[in-house]
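Below, chains carry the letters A, B, ... as their sequence lines are ordered, and counting in each starts from 1.
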Protein chains: 2
Amino acid sequence: MISRDHATLRLAVDLAILTVRESALQVLTITRANDPFRGQAALPGGFTRTDEGIEVAAKRELLEETGLDGAGMHLEQLSVYGEPFRDPRGRVVSVPYLAIMPDLPVPTAGSDASTAAWRPVAEVRGTLAFDHDEILDEAVERARRLLEFTTLATAFCEPVFTIGDLRAVYETVWGEPLDPRNFSRKVVNTEGFVEETGEKRLPGVGRPAALYRPGGQKDLNPPILRTR
Amino acid sequence: MISRDHATLRLAVDLAILTVRESALQVLTITRANDPFRGQAALPGGFTRTDEGIEVAAKRELLEETGLDGAGMHLEQLSVYGEPFRDPRGRVVSVPYLAIMPDLPVPTAGSDASTAAWRPVAEVRGTLAFDHDEILDEAVERARRLLEFTTLATAFCEPVFTIGDLRAVYETVWGEPLDPRNFSRKVVNTEGFVEETGEKRLPGVGRPAALYRPGGQKDLNPPILRTR
DNA sequence: AGCCCTTATCGTCCAGATGACACAAATTAC
DNA sequence: GTAATTTGTGTCATCTGGACGATAAGGGCT
């Protein structure tokens, strides 16, 4: 007994690419060139192709939209959005991914990327096409949790960074100030979070800070919990 | 410039329904009646229908396979499985859900459910059709994490339960023994985890235990972390 | 009844983690 | 030189969680 009422549909991947930039949590948005929602901001994304895996499609879109090779990059899958009428063109199910990257120059490469721009999350919230506002909210919430339980904060930083840089990431993403001294102690004492390079950076002002690179550990144990 | 190479595909929902039964973590499996993988064990599931949301489809399948109304039940979406050739019949992308329920009688209602049976996870691991082994592994891992950070352990229990019942859930899912005294202290002192009923249960042996029902809180703060 | 066995529950102790914060160190701005 | 700024070390009180002793409350047994 096989019901033939099987929905056939297209699968989209959408990207919530976050960075910390100018002391704010920012997201990469594009301006839609076509209907529906022409002219409105949206998350970059596109359809999966025949015989293409989903994460492969996400990395391809990432490359097309930002010119960046996501080969080594951490892509975190968010929950699927599949409301029947979420896309006026027909049944489209979206698999959104969260990507995290350092503050790189505004992307320019790729045909679709001409309208791509970093914009503060606080500013775009509530203005995106489709159900991308929900996706963005989920991405931000996921990022906050990832900072608690993984070392992924280093993905927001350049390959080499100071503890102060790392703290700025936490403070910006969480939206709350942290004690520099306790934070430093915590990070340095956590095995595998960061690794000393021996170098120091001269900031504009203040004492030079030791430079670190990401340690080998992915999970953070014990976690760095927010006080709620 | 629109590429027309858009994969059209069918969307399946699969259910990893877990329970604690006979001191073991068990999963509801069906025996496939049709090719491919005819006669082999698999997770219950089916295709989404036209104009049907994904979670709605999951709850419908749950009802069809187990005869249980998943209306109030917590369904946790796992990560999407979309390898191009994961299903020999064509492009099928699966959205798996984790469901948790108390030890109910073996389900019998529903046409597809005639072959449904609880089986220990340890026993079925590695024997499932499609990529359902991977899905099951992810479901178990997710369940373990949920016990750490949410009050979802109560979903494994009857509507009214003892702290000992709850501890048995943790011990079975985590696969490690816990100190009854510390566990009790932790649970009772955590605001909103459990709520006293005032009743007691007379077990076959030992001192009567106070009965509780689930508290209002969903998140567990602070979490109950496994010692790793 | 009296004893033992079992499970539940309370209390104590201590090690380790965390928050608050004083203070020293190393640089730039003036 | 002095002030300002940021980094980093140290201290201390508090809280949490693990280990575990002791007591409570039932049933089964003799």
Side-chain angles (χ1 to χ4, degrees), chain A residues 23 147-149 151 153 157-158 160-172 174 176-213 217 219-228, chain B residues 23 147-149 153 157-158 160-172 174 176-213 219-228:
Chain A
S23 302
L147 294 203
E148 292 189 279
F149 300 108
T151 61
C157 298
E158 306 285 330
V160 159
F161 53 89
T162 70
I163 302 294
D165 295 338
L166 198 60
R167 181 167 50 83
V169 168
Y170 275 86
E171 293 182 327
T172 303
W174 283 357
E176 63 188 53
L178 298 175
D179 184 290
R181 298 155 291 185
N182 292 336
F183 181 82
S184 182
R185 175 184 60 188
K186 176 79 183 187
V187 169
V188 172
N189 288 348
T190 298
E191 196 69 25
F193 195 169
V194 296
E195 195 176 302
E196 273 189 288
T197 65
E199 311 274 307
K200 288 193 183 299
R201 173 192 299 168
L202 302 183
V205 62
R207 169 175 168 176
L211 286 170
Y212 296 83
R213 60 179 150 261
Q217 196 69 26
D219 285 341
L220 211 45
N221 202 285
I224 304 180
L225 298 174
R226 282 178 284 181
T227 53
R228 336 196 194 200
Chain B
S23 302
L147 293 202
E148 293 189 278
F149 300 108
C157 296
E158 305 285 329
V160 159
F161 52 87
T162 69
I163 303 294
D165 295 338
L166 199 60
R167 179 166 52 83
V169 168
Y170 274 88
E171 292 181 330
T172 304
W174 284 356
E176 64 188 50
L178 298 175
D179 184 288
R181 298 158 290 188
N182 292 335
F183 182 81
S184 184
R185 174 181 64 187
K186 177 79 184 187
V187 169
V188 173
N189 289 348
T190 297
E191 196 69 25
F193 193 169
V194 296
E195 195 176 302
E196 271 188 289
T197 66
E199 312 275 305
K200 289 194 182 299
R201 172 191 299 169
L202 303 183
V205 62
R207 170 175 168 176
L211 286 171
Y212 296 83
R213 57 177 154 262
D219 286 340
L220 212 44
N221 200 286
I224 303 180
L225 298 174
R226 281 177 286 183
T227 52
R228 334 193 199 203

Task: Side chain proximity check, B:Leu225 to B:Phe149, heavy atoms < 4.5 angstrom - done: yes

- [ ] For A:Lys200 and C:dA25, give me the distance from atom NZ to atom P, rounded to whole Å.
- [x] 14 Å

Task: Summary of ring-ring contact (aromatic ring centres under 6.0 Å, His included) pairs that have at least one residue in residues 186-208 of chain A, sequence neighbours excluded - done: none

- [ ] Measure from CG on A:Leu225 to P on C:dA17 and round the result to the nearest Å.
- [x] 14 Å

Task: Rounded distance [0.5 Å steps], CD1 in A:Ile163 versus CG in A:Leu211 - done: 9.5 Å

Task: Whole-Å gap separating P (C:dT9) and CG (B:Asp179) - done: 14 Å

Open item on the list: Here's a test of your reading of the structure: between B:Tyr212 and B:Gly206, which maps to the more 5' nucleotide of DNA chain C?
Closed with: B:Gly206

Task: B:Ile224 side chain reached by B:Trp174 side chain, heavy atoms, under 4.5 Å - done: yes

Task: Whole-Å distance separating the CD atom of A:Glu196 from the P atom of D:dT7 - done: 15 Å

Open item on the list: From the set C:dA8, C:dC21, D:dG26, return the single nucleotide nearest to any side-chain atom of B:Pro208.
Closed with: D:dG26

Task: For atom CZ of A:Arg167 and atom P of D:dG8, their distance in whole Å - done: 10 Å

Open item on the list: Rounded to the nearest 0.5 Å, what separates atom CZ in A:Phe183 from atom CG in A:Leu166?
Closed with: 4.0 Å

TODO: Rounded to the nearest angstrom, tell me the gap between atom CD1 in B:Ile163 and atom P in C:dT6.
DONE: 23 Å

TODO: Could you tell me whether A:Thr162 contacts a base, only the sugar-phosphate backbone, or nothing, with contacts defined as non-hydrogen atoms closer than 4.0 Å?
DONE: nothing

TODO: Rounded to the nearest angstrom, tell me the gap between atom CD in B:Glu199 and atom P in C:dA8.
DONE: 18 Å

TODO: Give a yes/no on whether any side-chain N or O of A:Arg207 is located under 4.0 angstrom from OP1 or OP2 of C:dT28.
DONE: no

TODO: Can you run down the salt bridge (Lys or Arg N to Asp or Glu O under 4.0 Å) pairs that involve residues 184-199 of chain B, sequence neighbours left out, and say none if there aren't any?
DONE: B:Glu195-B:Arg213

Task: Within residues 181-191 of chain B, residues whose heavy atoms come under 4.0 Å of DNA chain D - done: B:Arg181, B:Asn182, B:Arg185, B:Lys186

- [ ] Output the single nucleotide from D:dG8, C:dT18, D:dG26 whose closest atom is nearest the side chain of A:Pro222.
- [x] C:dT18

Open item on the list: So which atom in B:Arg226 and which in B:Glu148 form the shortest heavy-atom distance, rounded to 0.1 Å?
Closed with: N-OE2, 2.9 Å

Task: 5' precedence on DNA chain C between A:Pro223 and B:Val205 (nearest-nucleotide basis) - done: B:Val205

- [ ] Report the distance from atom CG of B:Asn221 to atom P of D:dT16, rounded to the nearest whole Å.
- [x] 11 Å

